[in-house]
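Read the structure below first, then the notes.
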Amino acid sequence: MFFSLFSELSVSPLFHLSLTILAYLIGLAIYRRAGMTPLLNPVLIAIVIVVSVLLLAGISYRAYFLGAQFLHFLLGPATVALAVPLYRHFGKVRKAAIAILVSLLTGSAVAASSAVGIAWALGGSEQSYLSLAPKSVTAPVAMGITEVLGGSPSLTAVLVIITGIIGAVLGPYVLNLVGVKSWAARGLAIGTASHGIGTARALQVNEEAGAFSGLAMGLNALFTAILLPIVWYLIF
Amino acid sequence: MALLGLPIPGPVVGMALLFVGLLVHGAIPEGLSGVANGLLGNLSLLFVPVGAGILVHAALLKREIVPIAVAIVLSTLIAIAVTGVLMQWLSKRLDDASHEEQV
């Protein structure tokens with residue numbers, strides 16, 4: 001009886017939505033209890049929980065996504081909302097406009113070219129390095145770019161999320177290692193390389209870092225969407 | 001944007017438009033600030049559905065674990081270091097330069 005109830009529940013969109021939110025709350029609770037260490041990233045914990053439940057209950061990803069897509073849809077409005085912290089810190093952003101543009105374009109080029117180069121050198125397939133090229137760009141944008149290049153949008157989305165988690169988890173340590181102390185520079189670096197997941201982490205630590213991270217994420221999405229397909233066609 | 005044939009996604013255009021709107025308006029309306037804080041305060045949650053898609057690509061990721069993992073980790077960390085160092089150095093330099101002009 002329990003199983004029939006469970007299979008009944010597991011096809012309901014509400015179950016998939018609740019599962020996602022519950023997994024996130026557990027991830028957040030663990031993250032907070034551990035003193036917000038970047039190592040216990042709440043997105044990472046939530047994804048591990050969701051994937052485990054789907055595997056254990058034999059629910060297909062397609063069925064799950066159908067229920068959870070409402071949250072995915074909110075990524076659009078959330079990206080638009082990044083204009084708010086950006087506006088709040090516009091004074092600082094305007095003062096550093098040249099530094100921001102030069103650092104961002106360099107960082108963005110380094111992220112894309114080194115990812116493709118390393119994957120190619122280590123024998124990755126064409127599909128994987130095509131899908132790796134826009135990996136530092138926020139998911140909805142990256143999926144659009146990969147489609148233009150001829151890669152797999154859903155694979156790109158997964159690589160984008162992994163990139164975001166790596167940047168949010170290890171980025172703060174790298175920045176400490178190379179002596180980057182200013183909140184503006186820390187935020188800009190995290191946002192350029194690890195988009196929204198890095199920005200989510202930056203917003204939790206310092207609002208100025210969050211504003212610069214959100215700005216970097218938005219500008220990187222804009223520049224990469226315009227430049228990457230052009231550069232790609234020139235090279236290949 | 002489809003008109004221009006560029007894959008610039010709606011949300012990024014929306015962010016730019018809202019930013020321009022705020023500049024024109026000159027303040028953040030209360031209702032907007034509440035919605036924005038709610039969305040951005042739980043931004044991490046919104047990445048979970050797409051992230052769970054790792055299930056679908058498990059076979060490819062397993063087959064190419066070395067090139068993909070090394071590419072993601074190294075390129076992300078190098079990009080963070082380069083961007084952060086450059087930004088800190090440039091903003092300090094440009095700041096010093098503008099102070100000298102004033103003197």
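As a basis for the values below, the full set of heavy atoms in this structure was taken, side chains included, without hydrogen atoms, waters or symmetry mates. Chain A is the first sequence line, chain B the second, and so forth, proteins listed ahead of strands; every chain is numbered from 1.
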Drop me the distance from [X]'s [atom1] to [Y]'s [atom2], to the nearest 0.5 angstrom.
{"X": "Leu54(A)", "Y": "Leu55(B)", "atom1": "CG", "atom2": "CG", "result": "5.5 Å"}
{"X": "Thr79(A)", "Y": "Leu18(B)", "atom1": "OG1", "atom2": "CG", "result": "12.0 Å"}
{"X": "Ile68(B)", "Y": "Ser128(A)", "atom1": "CD1", "atom2": "OG", "result": "4.5 Å"}
{"X": "Ile72(B)", "Y": "Thr163(A)", "atom1": "CD1", "atom2": "OG1", "result": "4.0 Å"}
{"X": "Ile165(A)", "Y": "Phe47(B)", "atom1": "CD1", "atom2": "CZ", "result": "10.0 Å"}
{"X": "His57(B)", "Y": "Ile162(A)", "atom1": "NE2", "atom2": "CD1", "result": "10.0 Å"}

Of the backbone (N, CA, C, O) and the side chain (C-beta and beyond), which part of [X] lies under 4.5 Å from a heavy atom of chain B, both, or neither?
{"X": "Leu71(A)", "value": "both"}
{"X": "Leu132(A)", "value": "side chain"}
{"X": "Val174(A)", "value": "side chain"}
{"X": "Gln69(A)", "value": "neither"}
{"X": "Tyr87(A)", "value": "both"}
{"X": "Leu188(A)", "value": "both"}
{"X": "Ile100(A)", "value": "both"}
{"X": "Val178(A)", "value": "both"}
{"X": "Phe70(A)", "value": "neither"}
{"X": "Phe212(A)", "value": "side chain"}

Which atoms form the tightest heavy-atom contact between [X] and [Y], and what is the distance?
{"X": "Leu90(B)", "Y": "Ser103(A)", "result": "CD1-OG, 3.9 Å"}
{"X": "Ser75(B)", "Y": "Ile118(A)", "result": "N-CD1, 4.4 Å"}
{"X": "Leu39(B)", "Y": "Ala81(A)", "result": "CD1-CB, 4.3 Å"}
{"X": "Ala119(A)", "Y": "Pro67(B)", "result": "O-CB, 3.8 Å"}
{"X": "Lys181(A)", "Y": "Gln88(B)", "result": "N-OE1, 2.7 Å"}
{"X": "Leu82(A)", "Y": "Met15(B)", "result": "CB-CE, 4.0 Å"}

Under 4.5 Å between any side-chain heavy atoms of [X] and [Y], yes or no?
{"X": "Leu74(B)", "Y": "Ser114(A)", "value": "no"}
{"X": "Leu23(B)", "Y": "Phe90(A)", "value": "yes"}
{"X": "Thr106(A)", "Y": "Thr83(B)", "value": "no"}

I'd like to know if the side chain of [X] reaches the main chain of [Y], judged simply by a donor and an acceptor atom lying under 3.5 Å from each other, with no hydrogens or angles considered.
{"X": "His72(A)", "Y": "Pro49(B)", "result": "no"}
{"X": "Glu64(B)", "Y": "Ser125(A)", "result": "yes"}
{"X": "Tyr24(A)", "Y": "Leu46(B)", "result": "no"}
{"X": "Gln204(A)", "Y": "Gly41(B)", "result": "no"}

Relative to chain A, which segment of [X] carries a heavy atom at a distance below 4.5 Å: side chain, backbone, both, or neither?
{"X": "Leu60(B)", "answer": "side chain"}
{"X": "Leu45(B)", "answer": "both"}
{"X": "Asn37(B)", "answer": "side chain"}
{"X": "Ala27(B)", "answer": "backbone"}
{"X": "Val50(B)", "answer": "both"}

Only pairs of heavy atoms separated by less than 4.5 Å count here; which of [options] has the most with chain A?
{"options": "Leu43(B), Leu32(B), Val20(B)", "answer": "Leu43(B)"}
{"options": "Gly38(B), Ala36(B), Ser44(B)", "answer": "Ser44(B)"}
{"options": "Leu61(B), Val66(B), Ile54(B), Val73(B)", "answer": "Ile54(B)"}
{"options": "Ala81(B), Ala69(B), Gly53(B)", "answer": "Gly53(B)"}
{"options": "Leu17(B), Val70(B), Val82(B)", "answer": "Val70(B)"}
{"options": "Ala52(B), Ser33(B), Ala79(B), Ala16(B)", "answer": "Ala52(B)"}

Inspect the surroundings of [atom1] in [X] and state if more than 12 heavy atoms from other residues, nucleotides or ligands are less than 6.0 Å away.
{"X": "Ile26(A)", "atom1": "CD1", "result": "yes"}
{"X": "Trp232(A)", "atom1": "CH2", "result": "yes"}
{"X": "Phe73(A)", "atom1": "CZ", "result": "no"}

Contact winner vs chain B - [options], heavy-atom pairs under 4.5 Å:
{"options": "Gly167(A), Ala115(A), Gly171(A)", "answer": "Ala115(A)"}
{"options": "Leu155(A), Thr199(A), Ile49(A), Val51(A)", "answer": "Leu155(A)"}
{"options": "Leu86(A), Val50(A), Leu203(A)", "answer": "Leu86(A)"}
{"options": "Gly198(A), Ser60(A), Gly196(A)", "answer": "Gly196(A)"}
{"options": "Arg62(A), Arg201(A), Arg88(A)", "answer": "Arg88(A)"}
{"options": "Leu104(A), Leu175(A), Leu75(A), Val110(A)", "answer": "Leu75(A)"}

#### Entry: Check: Lys92(B)/Ser182(A) side-chain N/O donor and acceptor closer than 3.5 Å
no
